[in-house]
2 protein chains.
Amino acid sequence: MPRSATTADVFNAVAEPRRREILGLLARGERSVNDVAGSLRVNQPQASKHLKVLKEVGLVRMRGSGQQRLYSLNAAALKPIHDWVMTFAQFWGESYDRLDEYLQELQEQEKQHARKK
Amino acid sequence: MPRSATTADVFNAVAEPRRREILGLLARGERSVNDVAGSLRVNQPQASKHLKVLKEVGLVRMRGSGQQRLYSLNAAALKPIHDWVMTFAQFWGESYDRLDEYLQELQEQEKQHARKK
DNA sequence: TTGATATATTCCCGCATGGGAATATAATAC
DNA sequence: GTATTATATTCCCATGCGGGAATATATCAA
């Protein structure tokens, strides 16, 4: 079995540095494909391909506007990575001492949310 | 140019699900290769290979003990992922409202730390 | 030394990759 | 209609992948 496809999940999609750059750019607002390509000094087909991968895993949304396609960030799709990495925050020394407390509060909030359903 | 090597950086190393499982296991303590292989229902060579990748990017440490090699987690190596994903936390809606505040406090602490040098 | 156990390495394979280059599709303007 | 701009797709290639299987290395025990 070969390596997982880049579109297999968010972890794989985000392993590529240029795709992280694209997400960073889109964090500052919606952009057309050529905007992205220009800002990242990448030619247009590569930009299209990277955006396609990001779209397939839900990290970006697309809408048409004339002949342009405007891509925007869907940062919520990064939550699996956030949640996973936070699992290890307890090992990161004193600066992160209060993170456990914070995460427990978050869990409480989610439980209350679930109960309301 | 092909896809980045799995040992290129932490993002690539961690894109593989089994390697994330290994890290999760090691979070609970040091383990031998066979312990890892047994817990994850993976045969020994695969466990060795995955551990090798994790070691190359600094996510695990190894020490010999008799004929065993004991691997342990080095969670600090996950910080690049943590820092990157936190860049997007502001987009995650109301549950994370206090995260900005929290992160600013962290930055303050780091500045004070730096000043003390 | 021989044997047993623990771990690492090597060879194989099918396969998805990211980039380049060229081309195809889509939408607007005239 | 044609021309132009914006985007997507296709084809190519070299490379590294993860898993299987077999083998090599290392360490202890008797």
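Chain A is the first sequence line, chain B the second, and so forth, proteins listed ahead of strands; every chain is numbered from 1.
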J.: Would you tell me if any nitrogen or oxygen in the side chain of B:R19 comes within less than 4.0 Å of OP1 or OP2 on D:dG18?
T.: yes
J.: Figure out the CG/C1' separation between A:L51 and C:dG19, and round it to whole Å.
T.: 16 Å
J.: D:dG20, OP1 or OP2 - any side-chain N/O from B:N43 closer than 4.0 Å?
T.: yes
J.: Assign each of B:M62 and A:V53 to its nearest nucleotide of DNA chain C by heavy atoms, then name whichever residue's nucleotide is nearer the 5' end.
T.: B:M62
J.: Ignoring backbone atoms, test whether B:T6 places a side-chain nitrogen or oxygen under 4.0 Å from the OP1 or OP2 oxygen of D:dC17.
T.: yes
J.: Are A:F88 and B:L26 linked, directly or through other ILVMFWY residues, by side chains that come within less than 4.5 angstrom of each other?
T.: yes
J.: Quick check on DNA chain C: between A:R69 and A:P2, whose nearest nucleotide comes earlier from the 5' end?
T.: A:P2
J.: Would you indicate which nucleotide in C:dA8, D:dG16, C:dG18 comes nearest to any side-chain atom of A:E16?
T.: C:dG18
J.: When the distance from CD of A:E56 to C1' of C:dA16 is rounded to whole Å, what number comes out?
T.: 13 Å
J.: Whole Å only: how far is the CD atom of B:Q67 from the P atom of D:dT27?
T.: 9 Å
J.: side-chain contact (heavy atoms from CB on, under 4.5 Å) with A:E16: which residues, sequence neighbours excluded?
T.: A:R18, A:R19, A:H50, B:S4
J.: Take the protein atom CG of A:N12 and the nucleotide atom C1' of C:dT17, then report the distance between them rounded to whole Å.
T.: 11 Å
J.: Please pick, from C:dG20, D:dA8, D:dG19, the nucleotide with the shortest atom-to-atom distance to any side-chain atom of A:P45.
T.: D:dA8
J.: Counting the atoms with a prime plus P, OP1 and OP2 as sugar-phosphate, which does A:S32 contact under 4.0 Å by heavy atoms, base, sugar-phosphate, or nothing?
T.: sugar-phosphate
J.: Among the clusters formed by ILVMFWY side chains lying less than 4.5 Å apart, do A:L73 and B:W84 turn up in the same one?
T.: yes
J.: Can you measure from CG (B:L59) to CD1 (B:I22) and round to the nearest 0.5 angstrom?
T.: 11.0 Å
J.: Whole-Å distance between C:dA8 C1' and B:L54 CG?
T.: 15 Å
J.: Which part of the nucleic acid does A:K52 contact within heavy-atom distance under 4.0 Å: base, sugar-phosphate only, or nothing?
T.: sugar-phosphate
J.: More than 12 foreign heavy atoms under 6.0 Å from CZ of B:R61: is that the case here?
T.: no
J.: Going hydrophobic residue to hydrophobic residue with side-chain gaps under 4.5 angstrom, can you get from A:L78 over to A:L51?
T.: yes
J.: Is any side-chain N or O of B:Q44 under 3.5 Å from a base N or O of C:dA6, one able to act as donor and the other as acceptor?
T.: no
J.: Which comes earlier along DNA chain D counting from the 5' end, the contact point of B:G66 or that of A:Q46, where each point is its nearest nucleotide?
T.: A:Q46
J.: In this structure, how many angstroms lie between the P atom of D:dG19 and the CE atom of A:M1, rounded?
T.: 7 Å
J.: CZ of B:R63 versus P of D:dT27: gap in Å, rounded?
T.: 15 Å
J.: Round to a whole Å and report the spacing from CG of A:L70 to C1' of D:dA6.
T.: 11 Å
J.: Of all the nucleotides listed (C:dG19, D:dC17, D:dT7), which has the minimum atom distance to the side chain of A:H50?
T.: C:dG19
J.: For B:R18 and A:Q68, find the nucleotide of DNA chain D closest to each by heavy atoms; which residue's nucleotide sits nearer the 5' end?
T.: A:Q68
J.: Report yes if at least one side-chain N or O of B:Y71 is closer than 4.0 Å to OP1 or OP2 of C:dA8; otherwise report no.
T.: yes
